[in-house]
S.K.: 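Please see the structure below; I have some questions.
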Number of protein chains: 2
Amino acid sequence: MKIKNYYKNLPHKTIERLSQYRRALMICLDNGKTHIFSHEIANIQHITSVQVRRDLMLIGYSGTLRKGYNIQDLIEVISHIIDDEEGIKVAVVGMGNLGRALMKYVRGKRHKLEVVAGFDTNEEKIGKEYKGVTCYSIDDLEKVIDELNIKLAILTVPAKYSTETAEKLVDAGIKGILNYTPKPIRVPEDVYLEEYDMITTLEKVAFYIKMHQEKEGE
Amino acid sequence: MKIKNYYKNLPHKTIERLSQYRRALMICLDNGKTHIFSHEIANIQHITSVQVRRDLMLIGYSGTLRKGYNIQDLIEVISHIIDDEEGIKVAVVGMGNLGRALMKYVRGKRHKLEVVAGFDTNEEKIGKEYKGVTCYSIDDLEKVIDELNIKLAILTVPAKYSTETAEKLVDAGIKGILNYTPKPIRVPEDVYLEEYDMITTLEKVAFYIKMHQEKEGE
DNA sequence: TTTTGCCTGTTATTTGCTTAACAATGTGCT
DNA sequence: AGCACATTGTTAAGCAAATAACAGGCAAAA
Ligand SMILES: NC(=O)c1ccc[n+]([C@@H]2O[C@H](COP(=O)([O-])OP(=O)(O)OC[C@H]3O[C@@H](n4cnc5c(N)ncnc54)[C@H](O)[C@@H]3O)[C@@H](O)[C@H]2O)c1
Ligand SMILES: NC(=O)c1ccc[n+]([C@@H]2O[C@H](COP(=O)([O-])OP(=O)(O)OC[C@H]3O[C@@H](n4cnc5c(N)ncnc54)[C@H](O)[C@@H]3O)[C@@H](O)[C@H]2O)c1
């Protein structure tokens, strides 16, 4: 399993960029391009060509000298690395403003990532469909997750329910959680967790605006 | 201006954590706590106490031995660092599903960060209020940004308009952009840019789920 | 009063990632 | 053919951040 093993050593940041390269490449392909240079990819993503080449080196993909990389090929290689063959089923947990926006947004974006269920506690939402996806009761979490083979959950419940909902998700056998709640959650080692807090990011931007202002005023 | 200067050297990650510490501390304060240990903060945030102490060292705040940190004090010190005294005015550019969710979410969360305007191209949205905030035409961008003294923009327009809208924002004098569009944008050096791509994050979680599955199957 | 233990604050080490440097190579031009 | 050069692929250096290691000190227990 040599091939599989070196995936493990890919830097997290490289994984992120591969996802981005692929989307950029698909657009290029649609535009009729067949080959692309590292500096072109770099330009689209606003990074350096060195970084692109380094990432591609890490996944063992080689381009042709003076012709660049074959777009079609490269898309396939990246897909083979980051996509699961069977596809990964996704649930949105908490069908509020953000949950619904995400549901609509993600649906149909990547065919290996299918949103197949929503969950909520609100009686009015339970049983309804949103963009063709059923909203289930949180009480049926375990059953539905098992039946629909859901592996990934996007957590968008109110912050005060983050912890308990995360626990339910883990107990139900979820393998990865994307937490958009401002409250950090804890998961066992075999569950992959990614957290993103918008208020933090907003405050960070505000801080650097403030700092820049002060620097100018000196 | 010694004080101001060392803010410049604070690691980006420390800034992010300060924002999070503060929110956690405010909750503790509400609960009647007056002092807190580094390991308690660490527990809430699911990080190590060393990291907490190191961050606090960097901002030059000292606790009391065996009593920990004075919560009220610490909140003030952090606020003094990351908050702008005048407050920073924010605009949401692109009042779609995500834009509206964010508008509602951010409003009133932090009183030094006020969302004061929305912008859109859709005639039906222009002139309407959402959560008490007016949605202006993108054609009035420069005027409104100037009049309301808006410094920070959250970009939530469709990806194909990211680039042109970013340019408009920069021209209008915006000092910081938070780009939630999947298309990377480019800004001059004096504009602070933060980008976040949800699909990338989702694919990353999916990748690690897949990898973990394969490791098990060996 | 001494000792133990708990907590802070600081310095040193390690890790992960980015950037720089450069060797290798085939293409087109002269 | 031979030279100039754009472009790839790899190794080395540099940076930022996290973690580890540890010194210092006070409070309570013995
Ligand atoms: N709206 C945003 O733009 C935004 C941005 C960043 C983060 N967030 C975070 O996302 C979360 C949701 O935000 P929102 O604006 O969509 O809030 P919301 O109130 O619109 O939605 C919350 C939804 O979760 C449901 N819910 C409540 N308790 C539940 C439980 N125990 N299990 C399952 N579902 C439950 C509610 O019925 C509701 O439908 C919050 O934690 C918020 O901090 C929101
Ligand atoms: N919805 C989500 O959950 C989500 C998540 C991540 C990223 N995004 C990104 O955020 C952006 C918006 O997503 P959405 O789901 O809200 O889409 P949407 O179509 O609901 O909203 C887009 C809004 O922008 C307005 N608009 C169009 N052109 C404009 C212009 N030139 N200037 C100003 N406004 C303009 C439209 O009238 C509409 O109101 C997209 O780039 C999307 O990729 C959305």
Side-chain angles (χ1 to χ4, degrees), chain A residues 6-21 25 28 33-71 73-74 77-78 184 193-195 200 204 207-208 211, chain B residues 6-21 25 28 33-71 73-74 77-78 184 193-195 200 204 207-208 211:
Chain A
Y6 82 75
Y7 293 174
K8 250 193 304 212
N9 303 324
L10 290 176
H12 281 221
K13 292 294 173 86
T14 295
I15 298 296
E16 290 174 17
R17 281 190 297 266
L18 287 177
S19 156
Q20 285 160 3
Y21 296 161
L25 290 170
C28 293
K33 255 175 105 82
T34 62
H35 288 76
I36 193 165
F37 296 125
S38 61
H39 66 257
E40 291 178 294
I41 301 179
N43 254 335
I44 300 172
Q45 299 300 324
H46 304 165
I47 55 176
T48 68
S49 62
V50 186
Q51 186 140 67
V52 175
R53 288 202 300 279
R54 215 177 183 297
D55 285 334
L56 298 188
M57 184 196 87
L58 290 175
I59 64 172
Y61 184 75
S62 287
T64 341
L65 199 49
R66 294 194 71 86
K67 260 182 100 180
Y69 303 92
N70 180 298
I71 294 179
D73 272 13
L74 185 47
V77 169
I78 292 176
L193 172 66
E194 192 78 27
E195 308 199 289
T200 294
K204 186 179 173 190
F207 168 79
Y208 284 104
M211 208 180 65
Chain B
Y6 82 75
Y7 293 175
K8 250 192 305 209
N9 302 323
L10 290 177
H12 281 222
K13 292 296 173 86
T14 295
I15 298 295
E16 290 174 17
R17 281 189 298 265
L18 288 177
S19 156
Q20 285 159 3
Y21 297 161
L25 290 170
C28 294
K33 255 175 105 80
T34 62
H35 288 76
I36 193 166
F37 295 126
S38 62
H39 65 256
E40 290 178 294
I41 301 179
N43 254 334
I44 300 172
Q45 298 301 323
H46 304 167
I47 56 177
T48 68
S49 62
V50 186
Q51 186 140 67
V52 174
R53 288 202 300 280
R54 216 180 181 294
D55 285 335
L56 298 188
M57 184 196 86
L58 290 175
I59 64 171
Y61 184 76
S62 286
T64 342
L65 200 49
R66 296 198 67 91
K67 261 182 99 181
Y69 304 91
N70 179 299
I71 294 178
D73 271 14
L74 185 47
V77 170
I78 293 176
L193 172 65
E194 192 77 25
E195 308 199 291
T200 294
K204 188 180 172 188
F207 168 78
Y208 284 103
M211 209 180 65

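Chain letters run A, B, ... following the sequence lines, proteins first and then strands; every chain starts at 1.
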S.K.: With respect to the side chain of A:Arg66, which nucleotide from D:dA6, D:dA27, D:dA18 is positioned closest?
M.R.: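 Closest of the options to the side chain of A:Arg66: D:dA6.
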
S.K.: Report all side-chain donor-acceptor pairs from residues 59-69 of chain A shorter than 3.5 Å, counting only partners two or more places apart or in another chain.
M.R.:
| unit_1 | atom_1 | unit_2 | atom_2 | d |
| --- | --- | --- | --- | --- |
| A:Tyr61 | OH | A:Asn70 | O | 3.4 |
| A:Thr64 | OG1 | A:Gly68 | O | 3.4 |

S.K.: Base, sugar-phosphate, or nothing: which does B:Thr14 touch, judged by heavy atoms less than 4.0 Å apart?
M.R.: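 No contact.
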
S.K.: Would you kindly give the CZ-to-P distance between B:Arg54 and D:dA20, to the nearest whole Å?
M.R.: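 Distance, rounded to whole Å: 13 Å.
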
S.K.: To the nearest 0.5 Å, how far apart are CG in B:Leu74 and CD1 in B:Ile41?
M.R.: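 The CD1 atom of B:Ile41 is 6.0 Å from CG of B:Leu74, to the nearest 0.5 Å.
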
S.K.: Find the distance B:Ile15:CD1 to D:dA16:P and express it as a whole number of Å.
M.R.: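 In whole Å, D:dA16 P and B:Ile15 CD1 are 15 Å from each other.
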
S.K.: Starting the side chain at C-beta, find the nucleotide from D:dA12, D:dG9, D:dT7 nearest to A:Phe37.
M.R.: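 Given the options D:dA12, D:dG9, D:dT7, the side chain of A:Phe37 is closest to D:dT7.
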
S.K.: Which heavy atom of B:Tyr208 sits nearest to which heavy atom of A:Leu10, and what is that distance?
M.R.: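 Result for this residue pair: OH-O, 4.1 Å.
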
S.K.: At their closest point, which heavy atom of A:Leu58 faces which heavy atom of A:Pro11, and how far apart are they?
M.R.: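 Scanning both residues completely, I find the closest heavy atoms to be CD1-CD, 3.8 Å.
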
S.K.: Which value, rounded to the nearest 0.5 Å, describes the distance between A:Gln20 atom CD and A:Leu25 atom CG?
M.R.: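 That separation rounds to 11.5 Å.
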
S.K.: Got a sec? Which of residues 43-53 of chain B come in under 4.0 Å of DNA chain C, heavy atoms?
M.R.: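 Residues of residues 43-53 of chain B under 4.0 Å from DNA chain C: B:Arg53.
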
S.K.: Side chains of A:Asn43 and A:Phe37: does their closest heavy-atom pair fall under 4.5 Å?
M.R.: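 Counting from C-beta outward, A:Asn43 and A:Phe37 never come under 4.5 Å.
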
S.K.: What integer distance in Å separates A:Ile36:CD1 from D:dA6:P?
M.R.: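 Rounded to whole Å, this separation is 19 Å.
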
S.K.: Rounded to the nearest 0.5 Å, how far apart are OH of A:Tyr21 and CD1 of A:Ile78?
M.R.: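 Reported to 0.5 Å precision, the distance equals 8.5 Å.
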
S.K.: List the atom of A:Pro184, the atom of B:Gln45, and the distance in Å for their closest heavy-atom pair.
M.R.: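 Residues A:Pro184 and B:Gln45, closest heavy atoms: CG-OE1, 3.6 Å.
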
S.K.: Students should find this one: the first and last nucleotides of DNA chain C, 5' to 3', lying under 4.0 Å from a heavy atom of chain A. What are they?
M.R.: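 Answer, 5' to 3': C:dC17 to C:dT27.
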
S.K.: Measure the distance from NE2 on A:His39 to C1' on D:dA6 and round it to the nearest whole Å.
M.R.: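 In whole Å, D:dA6 C1' and A:His39 NE2 are 9 Å from each other.
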
S.K.: Let me know the distance between CG of B:Asn9 and C1' of D:dA17, rounded to the nearest Å.
M.R.: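 Checked: the CG to C1' distance equals 14 Å.
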
S.K.: What's the CD-C1' distance between A:Glu40 and D:dT8, to the nearest Å?
M.R.: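 Rounding to the nearest Å, CD of A:Glu40 and C1' of D:dT8 are 14 Å apart.
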
S.K.: Going from NZ on B:Lys33 to CD on B:Glu40, what distance comes out if it is rounded to the nearest 0.5 angstrom?
M.R.: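 It comes to 3.5 Å.
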
S.K.: Go nucleotide by nucleotide along DNA chain D from the 5' end; which of A:Met57 and A:Lys67 gets its closest nucleotide reached first?
M.R.: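 Looking at the nearest nucleotide for each, A:Lys67 comes out on the 5' side.
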
